[in-house]
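Heads up, the thing below is written out as structure tokens.
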Amino acid sequence: MAAVFLNALVISGALAVAAQERFPKTPLVSKHFSYPSGLPYQADDEDLLRGTQFGYNRCNSSTENQQSLCQTSFLNGLDDFCLWGPSKPNSLIADTEGEEVAWCTKPGRGTRIIPADALKGVQFMRTPDYVQVVGFIDQTAINIARGDSGGELDPHGADLRGNPLGGLMYSNAWSDSFEQAIEWHNFMGGDAFCLKVCDPSRPNAANYCQHIYDRIGCAYNAPNNAKEGVFESCEGENQDFPGVYTQDGRVLTYTQPPEALGVITSVPYQPRVPASSNCKQFSSSALYTNAPGSVAPMSLAATSSTASPSSTSKSGGSQSQTDGESNDATYVVFSAITSILGVLFSALFLA
Ligand SMILES: *[C@@H]1O[C@H](CO)[C@@H](O)[C@H](O)[C@H]1NC(C)=O
């Protein structure tokens with residue numbers, strides 16, 4: 001009897017261990033799916049420590065509504081990108097990072113649509129190694145709680161299942177078809193966002209889209225000069241790899257301290273905002289015509305395809321960076337975060 005009992009204990013113990021398994025058979029960054037024909041229902045099809053994938057990757061017209069749980073995302077251009085956000089109103093990114101869903105500017109891909117007027121300024125940047133959108137948003141419109149300083153979404157996570165689990169990213173920035181981007185990072189929070197998607201054919205995709213600096217936000221991970229109220233599409237030079245900086249002629253790498261050491265109150269460098277050029281500005285109503293709640297007047301609908309880019313107020317639209325000035329958004333994003341929290345960086349800016 002004792003032996004049988006012991007056996008049962010051992011077996012149930014083994015089952016408990018199995019149910020607690022943390023890592024998937026294949027990390028998310030090693031899963032490649034062609035779009036749309038190769039999309040699985042769920043990129044993450046396992047039931048492990050963090051449970052199962054919250055939504056799905058095969059999205060279509062019947063999943064296209066504001067309750068969509070589509071977790072297939074895009075970054076194609078200023079008028080055509082998605083951000084990761086919670087499925088339910090008033091959520092914290094830190095509580096929902098594993099289950100964010102895609103909120104997109106354009107219909108047609110089975111996702112939720114970012115409501116009209118939620119976007120308050122967006123800069124799209126194309127560089128040799130990545131495409132990026134950085135901007136300002138009423139984050140409550142995509143279910144992020146007011147005042148949440150947010151955190152980072154990326155296809156890694158401590159258990160290699162991604163945040164969100166199974167979240168996939170595609171872009172047509174590098175060819176006529178949608179290519180899966182293996183490396184990307186998206187910071188959401190403080191009524192601001194940055195999403196960088198790295199060209200999978202380039203050798204430094206994982207470095208430019210580095211995911212380990214999850215506590216220091218857009219200013220350090222995606223240094224930019226995006227401005228509130230401005231919607232523009234630019235070309236630019238590459239940033240430095242996040243965490244890598246040059247001081248007194250030496251190239252140094254910052255180490256982000258563990259959370260156990262408390263709030264990060266200073267970082268030993270100012271990130272370099274790379275030069276940008278050829279910025280073309282647009283009105284948001286010409287860009288985001290299909291947002292729920294947007295009213296597209298007949299006249300606007302008739303002219304939206306010919307919205308003419310205007311040059312920036314800075315002459316020539318060229319905004320090369322000089323020391324210590326004009327990296328406006330770095331400071332805007334900074335001050336948005338600091339004014340909410342009263343600290344330089346928030347410990348809440350979690351993975
Ligand atoms: C649409 O996508 C959903 C979710 O992946 C799936 O359950 C449904 O079968 C699809 N419908 C069609 C018509 O393909």
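Index from 1, following the sequence. Atoms within a ligand are numbered from 1 in the order they appear, just like the ligands themselves.
In this structure, Y56 and Y41 have parallel ring planes: the angle between them is below the 30° cut-off, well short of the 60° mark. The aromatic rings of Y220 and Y269 lie perpendicular to each other, with more than 60° between the two planes, well past the 30° mark. Ring planes of Y170 and F74: tilted class, angle from 30 to 60°.
Atom 11 (N) of ligand 1 is approached by the protein to below 4.0 angstrom, counting heavy atoms only.
Taking 4.5 Å as the limit, some side-chain heavy atom of N143 sits within range of a side-chain heavy atom of R112. Side-chain atoms of Q53 and R161, non-hydrogen and from C-beta on, never get closer than 4.5 Å to each other.
Close approach of ligand 1 to R58 is summarised as follows: ligand atoms under 4.0 Å from at least one heavy atom of the residue are 2 (O), 3 (C), 4 (C), 5 (O).
Assignment of S62 to the shell around ligand 1 is supported, since a heavy atom sits closer than 4.0 Å.
Not one N or O of Y41 is nearer than 3.5 Å to an N or O of ligand 1, by distance alone.
Considering T63, N60, L69 only, the shortest heavy-atom separation from atom 13 (C) of ligand 1 involves N60.
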